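Computation of the quantities below employed the complete heavy-atom set of this structure, encompassing side-chain atoms and omitting hydrogens, waters and symmetry-equivalent molecules. Just so it is clear, the model here is predicted, and its values are computed rather than measured.
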Amino acid sequence: MYTRTHIFKFINKVSKDSFRLFCINYTDTLFKDGLNFSLFIDISDTSFQFLTVWKSEKEWANSYKKSGEHLDIKKQIKEMGATMTIAGGNTNGRYTSQTDFGLLEKID
């Protein structure tokens, strides 16, 4: 597996909520490209983090190449007065028979 983590800090709640909704809607389209699951974490009124977990780095790279219409996101975020930090790496995951995958929203 391969995970990308994105941390965003905004100057106000409205810009954070608006961009968070964009990220949710955009991320929902990535499941057909190998996205395994995503998590959205509200850190505060002005910041959030989201994680995308891919089947492999290859699926993430192929999806990234297709995302041409979103390549100027970093520029737009800076123009909003926000900051963005992204990191990624190979991922090992664990779960048990007690794990409740029902806590995740299923997108079809």
Side-chain angles (χ1 to χ4, degrees):
M1 288 187 299
Y2 181 76
T3 299
R4 299 278 292 173
T5 181
H6 310 72
I7 301 171
F8 299 95
K9 296 179 184 178
F10 294 88
I11 59 173
N12 60 50
K13 185 177 182 342
V14 172
S15 60
K16 174 223 163 187
D17 290 346
S18 178
F19 191 73
R20 184 181 182 279
L21 182 60
F22 164 81
C23 288
I24 289 170
N25 290 331
Y26 176 66
T27 301
D28 286 352
T29 69
L30 301 176
F31 289 103
K32 68 182 180 334
D33 293 330
L35 179 63
N36 212 20
F37 70 90
S38 60
L39 298 171
F40 292 84
I41 306 152
D42 283 318
I43 297 170
S44 71
D45 282 348
T46 57
S47 64
F48 77 94
Q49 178 175 4
F50 78 93
L51 288 91
T52 55
V53 180
W54 299 82
K55 293 177 185 174
S56 72
E57 186 174 2
K58 180 182 176 185
E59 275 85 6
W60 168 79
N62 288 337
S63 178
Y64 182 75
K65 288 176 189 174
K66 291 181 188 178
S67 67
E69 74 270 20
H70 300 295
L71 292 178
D72 65 342
I73 288 291
K74 289 181 183 180
K75 179 183 173 191
Q76 291 179 34
I77 288 171
K78 285 183 181 182
E79 289 172 355
M80 293 169 56
T83 62
M84 173 177 69
T85 305
I86 301 174
N90 290 324
T91 304
N92 294 309
R94 300 174 68 196
Y95 71 94
T96 72
S97 60
Q98 303 295 316
T99 300
D100 184 359
F101 290 108
L103 295 172
L104 301 174
E105 179 183 356
K106 188 174 183 181
I107 305 296
D108 282 327

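A single hydrophobic cluster is seen to contain both Leu35 and Ile73, as judged by linkage of ILVMFWY side chains at heavy-atom distances under 4.5 Å, directly or through other members. Hydrophobic clustering (ILVMFWY, side-chain heavy atoms < 4.5 Å, transitive): Tyr26 and Ile41 are in distinct clusters. Hydrophobic clustering of Ile, Leu, Val, Met, Phe, Trp and Tyr side chains at less than 4.5 Å, counting indirect connections, unites Tyr64 with Phe31. Hydrophobic clustering (ILVMFWY, side-chain heavy atoms < 4.5 Å, transitive): Met1 and Phe101 are in one cluster. Ile107 and Val53 are not part of a single hydrophobic cluster, where members link through side-chain heavy atoms under 4.5 Å apart.
Expressed to the nearest 0.5 Å, how far CD1 of Ile43 lies from NZ of Lys16 amounts to 9.0 Å. The distance from the NE2 atom of His6 to the CD1 atom of Ile77 is 9.5 Å, given to the nearest 0.5 Å. For the atom pair Lys55 NZ and Phe37 CZ, the distance stands at 13.0 Å (nearest 0.5 Å). Taking CZ of Phe22 as the reference point, atom OG1 of Thr27 lies at 8.0 Å (rounded to 0.5 Å). A distance of 11.0 Å separates SG in Cys23 from CG in Asp28, rounded to the nearest 0.5 Å.
Here Arg20 pairs with Asp42 under the salt bridge (charged side-chain N to carboxylate O under 4.0 Å, His left out) rule; sequence neighbours left out.
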Please determine whether side-chain contact (heavy atoms from CB on, under 4.5 Å) holds for the pair Phe40 and Ile24, giving the CA-CA distance in whole Å, both sets of side-chain angles, and the decisive distance to 0.1 Å. CA-CA 8 Å; Phe40 292 84; Ile24 289 170; 3.6 Å; yes
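Between the side chains of Thr52 and Trp54, at least one donor-acceptor pair of N or O atoms lies under 3.5 Å. Side-chain contact check for Ser47 and Ser44: at least one donor-acceptor pair (N or O, by modelled atom type) lies under 3.5 Å.
Under the 30°/60° scheme for interplanar angles, the aromatic rings of Phe48 and Phe10 are found to lie parallel.
More than 12 heavy atoms of other shown residues, nucleotides or ligands fall within 6.0 angstrom of atom NZ in Lys32. In the displayed structure, Glu79 atom CD is contacted under 6.0 Å by more than 12 heavy atoms of other residues, nucleotides or ligands.
Counting only distance, with no hydrogens or angles, the side chain of Asp72 and the backbone of Lys75 share no donor-acceptor pair below 3.5 Å.
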Could you give the side-chain donor-acceptor pairs of residues 84-95 under 3.5 Å, partners two or more places apart or in another chain?
{"from": "Thr91", "atom 1": "OG1", "to": "Thr3", "atom 2": "N", "distance (Å)": "3.1"}
{"from": "Thr91", "atom 1": "OG1", "to": "Thr3", "atom 2": "OG1", "distance (Å)": "2.5"}
{"from": "Thr91", "atom 1": "OG1", "to": "Gly89", "atom 2": "O", "distance (Å)": "3.1"}

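Taking the six-membered ring for Trp, Tyr2 and Trp60 have ring centres closer than 6.0 Å.
One finds a salt bridge joining Lys66 and Asp33 here, because a Lys/Arg side-chain nitrogen approaches an Asp/Glu carboxylate oxygen to under 4.0 Å.
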